[in-house]
Protein chains: 2
Amino acid sequence: MHGDPVQAFDKAFELAARLAEVMRHALAERDLTPSRAEVIYVLAREGAVMQRALAEALRCTPRHVTGLVDQLQDAGLVERRPHPDDRRATSVALTTKGAATARWITESRHTAASALLGDVPGDDLAAFVRVADLILRQIAP
Amino acid sequence: MHGDPVQAFDKAFELAARLAEVMRHALAERDLTPSRAEVIYVLAREGAVMQRALAEALRCTPRHVTGLVDQLQDAGLVERRPHPDDRRATSVALTTKGAATARWITESRHTAASALLGDVPGDDLAAFVRVADLILRQIAP
DNA sequence: TATTGTTATACTCTATAACTATA
DNA sequence: TATAGTTATAGAGTATAACAATA
């Protein structure tokens, strides 16, 4: 069974479902959800960001961002600040605790990657990334 | 950047999120959700199945199966029948329309697999499946 | 008039707990 | 007493629409 597209396709979906489950479970340890974690990830990468920009980054509605930021703010991970140039807008940024959570996420990623993939031959990993990239390009938004 | 575990790990998650989104979108065309589609998939593979067994196959609660079967029954895709040996139990099976939907799912899978992976070299596909299998074994339930 | 964010409302997916009918 | 399924209830995630303040 070498290189059957349907087999690889099914495998990708099975992997998708299981990884999502594992990720939800790991994030729950810090009372995070995939969406909340993505907010933290975006803020760690980009610094202070308008809620509107968050909605675009997460591809969700502004209303939903309000809720996510509410939750993260209640948990002390982010803070709202008035936008310096536009008094309608709200700027969101990580708190010290939020930055620590971002580091925890990064470390967990590295730890899990080593545990799951540390023994995989480099050529196989490279092929995996090639195929994944190809799929991602073809289903790009 | 040949064979970085963290890169492959991140790629797997990105792929997971996008494929889930694509699948939800494709299934919505027939008013299906991933869970409802999985019920159909199980029934297509195993024939008539007790609701209790469905709950185990989907790794969800019996209560949730009640709801899923209700929805699929309303849509005319499955039917409930009394279990021949146990009057407490309910047996669920595909209707003719449900069997047709199962075939549509299979065809869609093949079509999408060809479109997304038809041009990928066989060796890369095989490596992709190898890595995916390795990850799946390590995070097995 | 258009845009930022919020309040109000609702739908879907999923879970726990209590209950009924059977085993 | 234990099991199969259902009713009742609840919580998370997400969406649309109407509205406030500001641009």
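Keep in mind that this is a model prediction, so the values were computed, not measured. Protein chains get the first letters and strands the later ones, always in sequence-line order, with residue 1 at the start of each.
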**Message:** At less than 4.0 Å, is any side-chain N or O atom of A/Thr61 found next to OP1 or OP2 of D/dA15? Yes or no.
**Reply:** yes
**N or O in side chain of A/Thr33 less than 4.0 angstrom from D/dA12 OP1/OP2** = no
To the nearest Å, give me how far apart [atom1] ([X]) and [atom2] ([N]) are.
X       : N      : atom1 : atom2 : value
A/Gln51 : D/dA21 : CD    : C1'   : 14 Å
B/His64 : D/dG11 : NE2   : P     : 18 Å
A/Gln73 : C/dG5  : CD    : C1'   : 13 Å
B/Arg24 : D/dA15 : CZ    : P     : 10 Å
A/Leu54 : D/dT14 : CG    : P     : 14 Å
A/Leu58 : D/dA15 : CG    : C1'   : 15 Å
B/Glu21 : D/dT14 : CD    : C1'   : 13 Å
A/Arg63 : C/dA10 : CZ    : P     : 14 Å

**Complete:** When B/Asp70 and A/Gln71 are each assigned the nearest nucleotide of DNA chain D, the 5'-most assignment goes to B/Asp70
**Prompt:** B/Arg36 near the nucleic acid: base, sugar-phosphate alone, or nothing, with a heavy-atom cut-off under 4.0 Å?
**Reply:** sugar-phosphate
**Asked** For B/Thr66, which contact category applies under a 4.0 Å heavy-atom criterion: base, sugar-phosphate, or nothing?
**Response** base
**Request:** List in numerical order all residues of residues 76-89 of chain A for which some heavy atom is under 4.0 Å away from an atom belonging to DNA chain C.
**Result:** A/Arg80, A/Arg88, A/Ala89
**Asked** Do A/Lys11 side-chain atoms and B/Arg130 backbone N/O form a donor-acceptor pair below 3.5 Å?
**Response** no
**Item:** Salt-bridge contact A/Asp70-A/Arg80 (side-chain N to carboxylate O under 4.0 Å)
**Value:** yes
**Prompt:** Can you find a pair of side-chain heavy atoms, one from A/Arg81 and one from A/Thr90, that are under 4.5 Å apart?
**Reply:** no
**Asked** Hey, does B/Pro5 have a side-chain heavy atom less than 4.5 Å from the side chain of A/Val120?
**Response** no
**Request:** Please determine, for the side chain of A/Arg52, which listed nucleotide (D/dG13, C/dT4, C/dC13) has the closest atom?
**Result:** C/dT4
**Message:** Counting only heavy atoms not in A/Tyr41 (residues, nucleotides, ligands), do more than 12 fall under 6.0 Å from its OH?
**Reply:** no
**Message:** I'd like to know whether B/Arg36 forms a side-chain contact (heavy atoms from CB on, under 4.5 Å) with B/Thr33, so could you lay out the CA-CA distance, the side-chain angles of the two residues, the decisive distance to 0.1 Å, and finally the verdict.
**Reply:** CA-CA 5 Å; B/Arg36 296 206 276 257; B/Thr33 63; 3.2 Å; yes
**Message:** What's the separation between atom CD1 in A/Ile135 and atom CG in B/Leu19, rounded to the nearest 0.5 Å?
**Reply:** 6.0 Å
